[in-house]
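Single-structure report; data block below.
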Amino acid sequence: MSKSTFLRAMSLFLGVLLYLGSIPAAFAQTESASTSTSNETIIHEISPGYYDLYLQQGESSSFSITFTNNGKKALEIEPKVVPICCSYDFDENWITISPANVEVGRGAEQEFTVEVNIPEDADGGSYETYIAFTDDVDLYSQFINGMYLYITVPTYQKNRASNILHL
């Protein structure tokens, strides 16, 4: 098995594990201390909930995310890239989300386009981030209404032949 095939398989495996670990957060609700009023967190539909990319330095890719407002009122949605604790030094400037700010009516669907651009001088590694559509978090401070993005950038060894002096 080649190194790049192994890296792709491992990134997919790790991504699936992280996605499965976030499923309970999708059903999380906050409860008010008072029994007369309910302060439930609304779980909106975000599809896909997870996306995995394998891009080389200088490459770019885009994909779509659909957000469905399950609430009883219109929402002003401004998706944001949120760093994940202990992730490799991820530069959120690599990601552009459009539209950047939109009102999504009650029960309405909105499609967002995410463009990822890996710079030529990017370090190889595995990068993780979260794209949050609301500020709702669970007990573990994880965003509830968002999607997980995992990006693998290959690491290449420098060409040793260029360092050899010809006499």
Side-chain angles (χ1 to χ4, degrees), residues 4 7-30 39-120 122-154:
S4 65
L7 283 174
R8 281 186 184 183
M10 285 306 296
S11 67
L12 183 58
F13 176 73
L14 289 173
V16 169
L17 282 178
L18 286 169
Y19 177 69
L20 290 175
S22 68
I23 288 176
F27 298 103
Q29 293 182 347
T30 56
N39 188 21
E40 292 185 3
T41 300
I42 298 170
I43 307 301
H44 303 283
E45 291 177 42
I46 292 141
S47 180
Y50 167 83
Y51 204 80
D52 184 24
L53 284 171
Y54 182 88
L55 294 172
Q56 295 182 14
Q57 291 83 349
E59 289 186 335
S60 65
S61 182
S62 64
F63 61 94
S64 296
I65 303 172
T66 304
F67 174 90
T68 304
N69 181 355
N70 289 334
K72 296 179 182 175
K73 61 181 181 178
L75 292 175
E76 191 71 28
I77 301 295
E78 189 174 334
K80 59 186 169 194
V81 177
V82 180
I84 293 179
C85 173
C86 308
S87 178
Y88 197 73
D89 292 333
F90 179 76
D91 187 346
E92 57 191 63
N93 292 322
W94 294 0
I95 297 178
T96 305
I97 305 169
S98 59
N101 189 340
V102 67
E103 184 172 305
V104 181
R106 170 180 108 169
E109 243 182 42
Q110 174 67 45
E111 186 172 287
F112 293 88
T113 301
V114 177
E115 184 175 339
V116 180
N117 293 295
I118 307 298
E120 291 283 343
D123 290 335
S126 299
Y127 299 90
E128 317 170 54
T129 192
Y130 206 72
I131 298 175
F133 292 89
T134 68
D135 291 328
D136 300 313
V137 293
D138 64 11
L139 296 173
Y140 306 103
S141 298
Q142 293 181 355
F143 285 86
I144 295 169
N145 293 303
M147 62 112 21
Y148 177 80
L149 177 61
Y150 189 84
I151 304 167
T152 301
V153 178

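- Taking all atoms of both residues into account, the shortest heavy-atom contact from Asp136 to Asn145 is OD2-ND2, 3.2 Å.
- Taking the side chain as every heavy atom from C-beta outward, Leu149 and Phe63 approach each other to under 4.5 Å.
- In plain terms, the two heavy atoms of Leu55 and Pro154 that are nearest each other are O-CD, 3.2 Å.
- Counting all heavy atoms, side chain and backbone alike, Glu92 lies closest to Pro83 at OE1-CD, 4.5 Å.
- Across all their heavy atoms, Leu53 and Ser61 have their closest contact at CD2-OG, 3.7 Å.
- Here the CD-OH distance, from Glu59 to Tyr54, works out to 9.0 Å after rounding to the nearest 0.5 Å.
- Evaluation of the side chain to side chain donor-acceptor pair (under 3.5 Å) test over residues 73-85, restricted to residues two or more places apart or in two chains, returns Lys80-Asp135.
- Here the shortest heavy-atom pairing between Ala100 and Pro79 reads O-CD, 3.5 Å.
- Residues Asp123 and Val153 are not in side-chain contact: their nearest non-hydrogen atoms beyond the backbone lie 4.5 Å or more apart.
- Atoms CE and CD1, from Met147 and Ile46 in turn, are 9.0 Å apart once rounded to the nearest 0.5 Å.
- For the pair Phe133 and Val104, the minimum side-chain heavy-atom distance is 4.5 Å or more.
- When side chains are defined from C-beta on, Phe112 counts as touching Ile77, because their heavy atoms get closer than 4.5 Å.
- Between Leu75 and His44, the closest side-chain pair of non-hydrogen atoms falls below 4.5 Å.
- Listed by chain and number, the residues in a side chain to side chain contact (heavy atoms under 4.5 Å, CB included) with Asn117 are Ser60, Glu115 (sequence neighbours excluded).
- Residues Phe143 and Thr134 come closest through the heavy atom pair CD2-O, 3.4 Å.
- Between the CD atom of Glu128 and the CG atom of Asp52 there is a distance of 10.5 Å, given to the nearest 0.5 Å.
- Looking at Thr129, its side chain does come within 3.5 Å of a backbone N or O of Val82 through a donor-acceptor pair.
- You'll find the side chain of Ile97 reaches within 4.5 Å of the side chain of Val81, heavy atoms only.
- Two residues are said to be in side-chain contact when any heavy atoms from C-beta on lie closer than 4.5 Å; Gln56 and Ile118 fail this criterion.
- Between the OH atom of Tyr51 and the CD1 atom of Ile65 there is a distance of 9.5 Å, given to the nearest 0.5 Å.
- In this structure, the separation between CG on Asn70 and NZ on Lys72 is 12.0 Å, given to the nearest 0.5 Å.
- By the 30° and 60° cut-offs, the orientation of the rings of Tyr50 relative to Tyr148 is parallel.
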